[in-house]
Amino acid sequence: MTYDDAIRMQNETARKVVMQDDFSQINRICGVDVAYIGDVAFCSAVVMDKNSQLVESVDSETEAKHSYVPGLLMLREAGPIFDTLEMLKSSYDLLLANGHGVLHPRKCGLACHIGVNLDKPTIGVAKSLLCGNVKPGGFVEMGGEILGYQVSSKMYISVGHKISLKTAIAILKEHGTEPLKKADINSKAQKMRKGLRT
DNA sequence: GCGACAG
DNA sequence: ATCTTGTCGC
């Protein structure tokens with residue numbers, strides 16, 4: 001797949017993103033993250049209940065097919081993430097992904113790509129901005145639209161799919177990002193184990 | 001043309 | 001993301 005193909009795919013997916021709440025209840029939240037040794041991707045997905053109690057955790061080791069290109073993170077991480085989420089036996093109501101959702105040059109960051117393809121409510125959680133400007137109050141504007149929210153100096157969130165920004169903010173303020181933190185720890189632990197036995 | 005650039 | 005020393009602040 002060429003970069004042009006990927007960009008066309010993003011523009012197409014962007015039209016399918018639902019920026020309104022579309023779920024009955026959030027009982028379980030899944031966080032997914034990837035760590036690397038070169039192009040070997042160590043991915044972890046963690047499902048927790050609303051009280052941050054562990055429900056299930058799975059790990060995978062796959063090969064990253066593309067290098068990282070700003071704006072096209074999905075090319076590098078979507079594959080490993082889909083592979084890992086498929087391993088889960090447990091269901092979940094909300095997905096948390098590291099990276100932006102609609103706060104993206106084409107309004108289709110990694111979280112949108114994952115959310116739309118799995119048809120799951122998804123929130124994008126990023127550590128830094130790719131685009132947009134933070135306004136007083138924390139909302140992030142891009143092209144005259146409010147597309148994200150700055151939770152802290154190192155956390156920006158935006159809609160991935162089937163959830164409103166308002167609800168996304170409320171849920172993260174109430175439940176935090178525990179599944180994502182755990183997935184980060186697990187993916188790095190997995191990488192370290194591999195590093196020691198090679 | 002130049003700089004900036006999720007993970 | 002990953003590499004990577006000392007250093008600033010709570």
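Chain identifiers are assigned alphabetically (A, B, ...) following the order of the sequence lines, protein sequences preceding nucleic acid strands; residue numbering begins at 1 within each chain.
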Of the candidates B/dG7, C/dT2, B/dA6, the side chain of A/Glu77 sits closest to B/dG7
A/Tyr68 ring over B/dG7 six-membered base ring, under 5.5 Å and 30°: yes
Closest approach to the side chain of A/Asp33, judged atom by atom: which nucleotide of B/dG7, C/dT2, B/dC5 is it? B/dG7
What contact category does A/Gly71 fall into here, base, sugar-phosphate, or nothing, at under 4.0 angstrom with non-hydrogen atoms? base
Spacing between A/Asn133 atom CG and B/dA4 atom C1', to the nearest angstrom: 13 Å
For A/Ala35, answer base if it contacts any base atom (sugar-phosphate contacts may also be present), sugar-phosphate if it contacts only those atoms, and nothing otherwise; contact means non-hydrogen atoms under 4.0 Å. sugar-phosphate
Min side-chain heavy-atom separation A/Ile29-A/Tyr92 under 4.5 Å: no
Taking only the side-chain heavy atoms of A/Lys191 (C-beta and beyond), determine which of B/dC5, C/dT2, C/dA1 contains the nearest atom. C/dT2
Ignoring hydrogens and geometry beyond distance, is a side-chain donor-acceptor pair present between A/Ser90 and A/Glu56 at under 3.5 Å? yes
With a distance cut-off below 6.0 Å to the six-membered ring centre and an angular limit of 45° from the axis, does A/Arg193 pair with A/Phe42 as a cation-pi contact? no
Tell me the interatomic distance from A/Lys65, atom NZ, to C/dA1, atom P, rounded to whole angstroms. 22 Å
For A/Ile123 and B/dA6, give me the distance from atom CD1 to atom C1', rounded to whole Å. 16 Å
Separation of atom CG in A/Leu72 from atom P in B/dG7, rounded to whole Å: 15 Å
Separation of A/Arg76 atom CZ from B/dC5 atom C1', in whole Å? 15 Å
Distance in angstrom units between A/Asn98 CG and C/dA1 P, rounded: 7 Å
Could you state the CG-P distance from A/Leu73 to B/dG7, rounded to the nearest angstrom? 8 Å
Are a donor atom and an acceptor atom from the side chains of A/Thr62 and A/Asp83 found within less than 3.5 Å of each other? no
In whole angstroms, how far is the C1' atom of C/dC3 from the CD1 atom of A/Ile37? 13 Å
Determine the minimum heavy-atom distance between A/Ser57 and A/Asn186, stating which atoms define it. OG-ND2, 3.1 Å
Can you see if the side chain of A/Ser128 gets near the phosphate of B/dC5 - specifically, an N or O under 4.0 Å from OP1 or OP2? no
